[in-house]
Chemist: 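Before I ask anything, let me first share the structure, which is written out below as structure tokens.
Numbering of residues begins at 1 and proceeds along the displayed sequence. This structure is a prediction, so every number in the text was calculated from the model and none was measured.
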Amino acid sequence: MFKNPFSFKGRIRRLEFGLSVIIGTAGLLVAGGLASAESLNTASVVILLIYFPSLYFLIAQGAKRCHDRGVNGAWQIIPFYFWIMLFGESDPGSNEYGPNPKGIEYHDDWDPFANEEKEQQGS
């Protein structure tokens with residue numbers, strides 16, 4: 001979990017995304033609280049050291065969760081899409097962004113002839 005948290009490549013599960021939201025939001029709140037309580041010079045340092053990395057972390061993790069759902073990372077700016085990212089299922093199997101982080105592969109159960117061929121090849 002949390003391999004390359006600042007990278008925009010790959011896919012992450014719902015649990016990692018949920019934890020990322022909690023950690024990133026805490027970082028943003030701490031940075032905002034410190035920036036408002038301190039002088040202007042200290043606030044600019046706090047913003048550079050805490051706020052921007054926390055924001056970048058949230059955007060990167062959101063993009064990876066979008067990738068897990070099979071869409072581009074830009075979809076995270078759609079209003080209320082956050083809830084779909086948080087509670088929605090991921091794409092089964094691999095997609096253009098990488099393998100499924102749960103290890104679930106896609107299999108086709110609707111085609112009885114394909115299943116018969118697989119059984120015959122396995123025998």
Chemist: For a quick test of reading the model, state the closest non-hydrogen atom pair linking P99 to S94 and the distance between them.
Modeler: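 Scanning both residues completely, I find the closest heavy atoms to be CA-OG, 3.5 Å.
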Chemist: Hey, what do you get for CG (L19) to CD (Q61), rounding to the nearest 0.5 Å?
Modeler: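 Between atom CG of L19 and atom CD of Q61 there are 10.0 Å.
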Chemist: Mind listing the closest non-hydrogen atom pair of S20 and E16 along with its distance?
Modeler: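 That would be OG-O, 2.7 Å.
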Chemist: Can you pull out every salt bridge (Lys or Arg N to Asp or Glu O under 4.0 Å) where at least one residue sits in residues 74-101? Sequence neighbours excluded, please.
Modeler: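 Passing the test, one end in residues 74-101: R14-E89.
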Chemist: Show which residues join V71 in its hydrophobic cluster (side-chain heavy-atom contacts under 4.5 Å, direct or indirect), or state none.
Modeler: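 I12, F17, V21, W75, I78, F80, Y81, F82, W83, I84, M85, L86, F87, listed by chain and number.
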Chemist: What side-chain donor-acceptor pairs closer than 3.5 Å can you find for residues 46-60, not counting sequence neighbours?
Modeler:
unit_1, atom_1, unit_2, atom_2, d
S54, OG, I50, O, 2.8

Chemist: Say you draw a straight line from CG of N100 to CG of D68; how long is it, rounded to the nearest 0.5 Å?
Modeler: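 Rounded to the nearest 0.5 Å, the CG-CG separation comes out at 6.0 Å.
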Chemist: Looking at every heavy atom in both K102 and R13, which two are closest together, and how far apart are they?
Modeler: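 Nearest pair, atom of K102 first, then R13: CG-NE, 3.5 Å.
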Chemist: Quick one: side chain to side chain contact (heavy atoms under 4.5 Å, CB included) partners of I77, sequence neighbours excluded?
Modeler: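 Per chain and number, I77 pairs via side chain to side chain contact (heavy atoms under 4.5 Å, CB included) with no residue.
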Chemist: Just grab all the salt bridge (Lys or Arg N to Asp or Glu O under 4.0 Å) pairs involving residues 76-87, residues at least two apart or on different chains.
Modeler: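 Listed by first then second residue: nothing to list.
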Chemist: Looking only at heavy atoms, what is the nearest atom pair of P101 and R11, with distance?
Modeler: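 Looking at all heavy atoms of both residues, the closest pair is CD-NE, 3.9 Å.
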Chemist: Can any side-chain N or O of H67 pair as donor or acceptor with the backbone N or O of G10 at less than 3.5 Å?
Modeler: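 Yes, H67 side chain to G10 backbone: donor-acceptor pair under 3.5 Å.
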Chemist: Tell me, with the steps shown, if C66 and Y97 meet side chain to side chain contact (heavy atoms under 4.5 Å, CB included).
Modeler: CA-CA 10 Å; C66 286; Y97 302 105; over 6 Å; no
Chemist: Give me the atom names and distance for the closest heavy-atom approach of K9 to S7.
Modeler: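 In terms of heavy atoms, the two residues are closest at N-OG, 3.1 Å.
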Chemist: Checking R69 now: which residues fulfil salt bridge (Lys or Arg N to Asp or Glu O under 4.0 Å) with it, not counting sequence neighbours?
Modeler: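 Salt bridge (Lys or Arg N to Asp or Glu O under 4.0 Å) check on R69 returns nothing, list empty.
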Chemist: Filter on salt bridge (Lys or Arg N to Asp or Glu O under 4.0 Å), then keep only pairs touching residues 45-63, sequence neighbours left out; what's left?
Modeler: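 Sorted result for residues 45-63: empty, none.
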Chemist: State which residues pass side chain to side chain donor-acceptor pair (under 3.5 Å) with S90; sequence neighbours excluded, sorted by chain then number.
Modeler: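 Listed in chain order: nothing, the list is empty.
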